[in-house]
> 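Pasting in a structure now, in structure tokens, and then I'll have a few things to ask.
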Number of protein chains: 2
Amino acid sequence: MSPDRNGTRRRPPVAGAVTLSDVARAAGVSLATASRAINGSANRAVGGELRERVLATAERLGYSPNAHAQAMARGQTATLGLIVHDIADPYFSAIAAGVTDAADAADLIVTLANTHHDADRELQYVRTLQNQRARAIILVGARQNDGEANLRLRRALDAYQARGGTVAMVSQAILGVNVLRVDNERAGADLARALHDIGYRRFAVLTGPTENLTAHERSRGFLAAAEELGCPVPDERLVPSPLTRDGGHEAMRELLARRTGADLVFAVTDVMALGALTAAREAGVSVPDDLGLAGFDDIDTLQDVTPALSTVRIPLREMGREVTRLALAPAEDGPLEEHVTGQVVLRASTPPRS
Amino acid sequence: MSPDRNGTRRRPPVAGAVTLSDVARAAGVSLATASRAINGSANRAVGGELRERVLATAERLGYSPNAHAQAMARGQTATLGLIVHDIADPYFSAIAAGVTDAADAADLIVTLANTHHDADRELQYVRTLQNQRARAIILVGARQNDGEANLRLRRALDAYQARGGTVAMVSQAILGVNVLRVDNERAGADLARALHDIGYRRFAVLTGPTENLTAHERSRGFLAAAEELGCPVPDERLVPSPLTRDGGHEAMRELLARRTGADLVFAVTDVMALGALTAAREAGVSVPDDLGLAGFDDIDTLQDVTPALSTVRIPLREMGREVTRLALAPAEDGPLEEHVTGQVVLRASTPPRS
DNA sequence: TTGTAAGCGTTATCAA
DNA sequence: TTGATAACGCTTACAA
């Protein structure tokens, strides 16, 4: 049907690599007309009959427009880069779902990158997405408190933005990029106050990784409020750990082993709280009878554990949509900043104490 | 530094769009040499000193190779398409994590698409990925029992493969593509036998959506084995529902309302089982005292609910890695097929009955 | 309304 | 080893 059309071909002629030229020739029109008929954007110029013929020919030949060629010719792409720490973590996957929803609505395709909390990989992905000429990049996940790494990242993002891309992140701001901030500190404080209101006094905190800013903000807010309420939390009731289920599990074991007499444990993420819950059970400590437990995020599975866990709810999926909007907004007048306010949700894991 | 280099430019000159030509000119070498120096694949031909100079110049100018131009010139891309039903579902996000792991190792970037169980969207994504000239496409998730939709999908995949792409899927096979099959039917049967062994007799099944093949296989295997064991499951103990947490919740409510006297409920996915667990609790029915409950998949959170849920374990993350290998394998000698065998894991939700 | 032809930024062929 | 130069497949002025 469409034999080698020019004597010298370098690559093995991929079977059936139908190009727009093929379609044009087969339909007996010029390349330009074919292009316009098939992808005649706002400029609908092609005559009815011709148009039909071209479309039919394209269909018949199984023509598939080459997105790379289009990207080159148009000078822009329909790609959105999404960088998360761990897509298997419900926090990230819920946000990712929101991002794909919004991207879909905007006719963008999403390129997903998993950093595994590795700053170098994150940097590498930014560069890759820059090479792809992605229209926007979304970074989800806490910054580490590592000036060197943050500086490198910022440089890469600056370079990306200088070339016309936009960046939006969820969490802390990096200078010069759009950000959807979660008011972690305030929400942490709100949680402490709510728990104090219902009678808790001897707080403990599973603080997550020491260098993780989100974790730090959450525990700082909580601790500051606790202190203000006259319930300062001694160091022995602070246990760091990785931001994972197993991290929470291990941290709770450690805390219980210390026998600190805490009556309430705050884990800075729900995923950690889940691990902590099981650790308590394994140690024969009853939540909520012996110990209250609260998390942060309100991930989906929280409603199906026993007891249902108290937490601070943040609308993860909606945040994914919102950060996409931020990423697509023309960041003309300086970086945008939006805030998400966490909402304390008390459930069975923290019953009132008398 | 790099002023307009040709009088007529169509697009507003994107600030700092440094091209390879710019680098070559600034370094005083030819385009070809610059290309070789910067991306001189196996063919390391560039002289030491020149090479240094080019690299330094590229660095200084902040050169970022245009991946689309490379894709055009090379005739291939480094993109892997991943199509899932719902990235927020732990089943899919765990597999996706495995896929990104493997893709990373193979230096591929992953394009993620969320179908929301919509066959049309799935088809659309296949086309989009074909337009992107993705090197391979991975489809995760059950087929519907819808001949029309499957046929359309198969046509699109055939076209994609005819042009040199490869396809791999997790779940049922579509004719002509690589597949990682989960032995749902057999595992379902194994589960029924294991439960029968420890004394359960009056089985009920939350079957998921009737048209969903994976759900169907799981329940069919279970039901067939139950019948073989002399415990046929009456229709009133079969409840369909969406494949979600809420679906499981609703189905369990329905089942309990029917007062069928079941002593064991099998939910065809863990996510459904989680919802079912809560529904039972809300109805004042104790799992495991009044009722045994088992799921399928062994998603992460299962270990933190009470009671811990029995299930059939399939290695989700590893499956993600494996299906990526399948997708990247040269499918020269006909489609490949691999099998994953589910392993029954009995936990506290199904204690032995006397 | 349609066609001609000049890019888009690379890689790879061929000759020097 | 290096350099010209022709693709790669498409979009879009500009001309007809």
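Protein chains get the first letters and strands the later ones, always in sequence-line order, with residue 1 at the start of each.
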> Looking at D:dT11, I'd like to know if its phosphate oxygens (OP1 or OP2) sit under 4.0 Å from a side-chain N or O belonging to A:Asn39.
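Checking D:dT11 against A:Asn39, a side-chain N or O does come within under 4.0 Å of OP1 or OP2.
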> What's the CZ-P distance between A:Arg25 and C:dT4, to the nearest Å?
13 Å
> Would you indicate, yes or no, if C:dG9 has its OP1 or OP2 atom less than 4.0 angstrom from a side-chain nitrogen or oxygen of B:Thr19?
no
> Out of D:dT2, C:dT11, D:dC8, which has the shortest distance to the side chain of B:Ser35?
C:dT11
> Starting from P on C:dT11, measure out to CE on A:Met72 and report it in whole angstrom.
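For the pair A:Met72 CE and C:dT11 P, the rounded distance is 11 Å.
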> Starting from C1' on D:dT11, measure out to NE2 on A:His68 and report it in whole angstrom.
17 Å
> A:Ser64 and side chain to side chain donor-acceptor pair (under 3.5 Å): which partner among B:Arg127, B:Arg163, B:Arg133?
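Single pass found, and it is B:Arg133.
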> Do B:Arg25 and B:Asp22 sit within salt-bridge range, that is, some charged N less than 4.0 Å from a carboxylate O?
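Salt bridge between B:Arg25 and B:Asp22, a charged N being under 4.0 Å from a carboxylate O: yes.
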> CD of B:Glu49 versus C1' of D:dT2: gap in Å, rounded?
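Spelled out: CD on B:Glu49 to C1' on D:dT2 is 14 Å.
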> Could you check how far CG of B:Asp22 sits from C1' of C:dG9, rounded to whole Å?
10 Å
> Let me spell it out: for each of A:Leu20 and B:Leu31, pick the nucleotide of DNA chain D with the closest heavy atom. Which residue's pick is nearer the 5' end?
B:Leu31
> B:His68 vs A:His68 aromatic rings, parallel, tilted or perpendicular, using cut-offs 30° and 60°?
tilted
> Tell me the closest heavy-atom pair linking B:Ala329 and B:Leu336, and the distance in Å.
CB-CD1, 3.7 Å
> Does A:Thr33 make a side-chain N or O approach to OP1 or OP2 of C:dT2 shorter than 4.0 Å?
no
> With hydrogens left out and only the distance checked, is there a donor-acceptor pair under 3.5 Å joining A:Arg133's side chain and the base of C:dG9?
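Check fails, no donor-acceptor contact within cut-off.
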> Given C:dA12, C:dA5, C:dT10, identify the nucleotide with an atom nearest to the side chain of B:Ser21.
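Nearest to the side-chain atoms of B:Ser21, counting from C-beta on, is C:dT10.
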> Rounded to the nearest Å, what distance is computed from the CD atom of residue A:Gln70 to the P atom of nucleotide D:dG9?
13 Å
> To the nearest 0.5 angstrom, please state how far the CG atom of A:Asp104 sits from the CD1 atom of A:Ile109.
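Nearest 0.5 Å value for the CG-CD1 distance: 11.0 Å.
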> Where the side chain of A:Ala73 is defined as all heavy atoms beyond and including C-beta, which of D:dG3, D:dC10, C:dT11 is the nearest nucleotide?
D:dC10
> Just the rounded figure in Å: distance from C1' of C:dG9 to CD1 of B:Ile38.
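Value for this atom pair: 12 Å.
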> To the nearest Å, how far apart are B:Arg36 CZ and D:dG3 C1'?
7 Å
> So which one's nearest nucleotide on DNA chain D is more toward 5', B:Ala34 or B:Ala69?
B:Ala34
